[in-house]
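Working notes, beginning with the structure itself.
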Amino acid sequence: MSAIVAIVGRPNVGKSTFFNRLIQRREAIVDAASGVTRDRHYGKSDWNGKDFSLIDTGGYVVGSDDVFEKEIDKQVELAIEEADAIIFMVDVETGVTGMDEDVAKLLRRVDKPVLLAINKVDNAKRAADAVEFYALGLGEYYGISSINGSGTGELLDALVEVLPEKKADDSELPRFAVVGRPNAGKSSFINALLGQERYIVTDIAGTTRDSMDTKYNRFGFEFNLVDTAGIRRKAKVKEDLEFYSVMRSVRAIEHSDVCLILFDATRGFDGQVANIFWLAQRNNKGVVILVNKWDLVENKETNTLKQYTQDIKQSIEPFVDVPIIFISVLTKQRIYKALETAVEVYKNRSKKIKTRKLNDVMLPIIQHTPPPAYKDKYVKIKYVTQLPTPYPQFAFFCNLPQYVREPYKRFLENKLRENFDFSGVPVTVFMRKK
Ligand SMILES: Nc1nc2c(ncn2[C@@H]2O[C@H](COP(=O)(O)OP(=O)(O)OP(=O)(O)O)[C@@H](O)[C@H]2O)c(=O)[nH]1
Ligand SMILES: Nc1nc2c(ncn2[C@@H]2O[C@H](COP(=O)(O)OP(=O)(O)OP(=O)(O)O)[C@@H](O)[C@H]2O)c(=O)[nH]1
């Protein structure tokens, strides 16, 4: 779990440019191979060895100019609520604007770290102009140029300095997050699962990281539910705000071991749900897909379920080894099954396979179907071992790791899945030199 940093500011100040600069450097290495298109507004970055998630709030503003201002205010409020630190970006070319002042007013009241970044400071003349932003009353500022990179190092130094330290997870309990689009039935699901009385237990009003988890004991399972507080707080925010659910999801996903992704069967597994799915996948979280409101689907024939399943699998390729459960919160159909499956996925995610066993199973498969020769080079895989990470990652040691292509890695992943149950869990395969 890494800290969350939100970039706020009015349109056109250069938030996306800055976001891309921070994300790309790392993604070129990490995500290029996975073939998953990256989210334009959410990504991971790191500086001086500290990881953090970066959210560009700007991309979520839609609509005409007159709704802009209100939207931005709402987003700033959300960012304040959900992020661990905020980068407030302004534009030296335009100078201080009324909207900047409004945002600054909101930010002056928060006790989370706020870093004022004055963008487009491409040269010394502009550095001098930046002084006027002291008027925002936010103290020290960082003059940067997102385009040429100058000043961004100092800003990042200061940022990682103020980020909270990662906490060791002392709890051995599974942490489940219920995520999905607005109105999918998340609160109803949690209510049904926990019973009304539990809904209002615990949780201190604050949104400190410590109060993210609430412990439950239900149906013989013990688990932590991540971020139910957020669901309770929802009245504060307009429900149809997509940004709200994204921000909410990001935070809940980051804190979870397994994500229960809930969607409305009558609305389908659309792009937004898929985004949430990839968020979980990219964070190496366990996933269970819950098709809710199944009671509303009419004329269910034996084929209907199959067709739904197929459609979902198509949108989540190649990571299709994921449990899909058809539930109705209203009639309580299969909600126990949902929880039980989440527990299984949790176990799959923490599964450790002994090296001996792993090699006994995998080496004969590899011998039977070795990596195809590449540029006339033959790759010899010698052994495989599971890495000591909190989620399944496997290193295959061989003479020429750079010649093993993506399809063969996928083949290895599939064989691992066939032989050891990793249902619902992203599995990573690395090739290492030996
Ligand atoms: N001179 C200069 N221009 C910049 C810099 N950073 C961004 N720009 C330009 O500013 C314009 C807006 O940049 P974006 O990154 O799209 O701004 P944004 O804040 O993400 O805008 P929204 O997506 O509308 O919220 C673009 O034309 C960028 O090329 C910079 O450091 N210097
Ligand atoms: N027919 C039917 N309706 C359901 C079911 N589950 C939830 N609903 C209804 O769907 C609506 C939305 O449910 P909520 O639980 O508020 O949804 P949510 O995902 O928490 O919504 P947000 O908090 O806005 O993100 C409510 O009117 C529920 O009664 C179901 O299984 N079947």
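Order of appearance sets the numbers: ligands from 1, and atoms from 1 within every ligand.
- Of the heavy atoms in D295, only side-chain atoms (C-beta onward) come closer than 4.0 Å to ligand 2.
- Close approach of ligand 2 to S188 is summarised as follows: ligand atoms under 4.0 Å from at least one heavy atom of the residue are 7 (C), 13 (O), 14 (P), 15 (O), 28 (C).
- T152 and R21 are not linked by any side-chain donor-acceptor pair at a separation below 3.5 angstrom, with hydrogens and angles left out of the test.
- A salt bridge does not link D56 to K15: none of the charged nitrogens lies less than 4.0 Å from a carboxylate oxygen.
- Near V329, with a cut-off below 4.0 Å to any heavy atom, the atoms of ligand 2 are 6 (N), 30 (C), 31 (O).
- In the candidate list D122, T17, T152, T17 is nearest to atom 28 (C) of ligand 1, counting heavy atoms.
- For the residue pair N283 / K44, a side-chain donor-acceptor distance below 3.5 Å is found, with atom types taken as modelled.
- Not a single heavy atom of G180 sits less than 4.0 Å from an atom of ligand 2.
- Between the side chains of D311 and Q307, a donor-acceptor pair is found at a separation under 3.5 Å.
- The residue L262 has no part lying near ligand 2, judged by heavy-atom distances below 4.0 Å.
- Those atoms of ligand 2 with a heavy atom of S328 less than 4.0 angstrom away are 31 (O).
- Listed by chain and number, the residues in a side-chain contact (heavy atoms from CB on, under 4.5 Å) with Q386 are K352, I353, L358, P392, F394 (sequence neighbours excluded).
- In this structure a side-chain-to-backbone donor-acceptor pair under 3.5 Å is present from D257 to R175.
- Of all the atoms in ligand 1, the ones that sit under 4.0 Å from a non-hydrogen atom of R126 are 1 (N).
- For N119, every heavy-atom contact with ligand 1 shorter than 4.0 Å involves the side chain, none the backbone.
- Between atom 25 (O) of ligand 1 and the options K15, K120, M89, E93, the minimum heavy-atom separation is to K15.
- Considering both main-chain and side-chain atoms, I147 comes within under 3.5 Å of ligand 1 through a nitrogen or oxygen pair.
- Checking R417, R410, K409 one by one against E413, the side chain to side chain donor-acceptor pair (under 3.5 Å) holds for a single residue, R417.
- Partners of E101 by side-chain contact (heavy atoms from CB on, under 4.5 Å), not counting sequence neighbours, listed by chain and number: V96, L136.
- Of the N or O atoms in A184, one or more lie within a sub-3.5 Å distance of an N or O in ligand 2.
- The L296 neighbourhood of ligand 2 comprises atoms 1 (N), with distances under 4.0 Å to a heavy atom of that residue.
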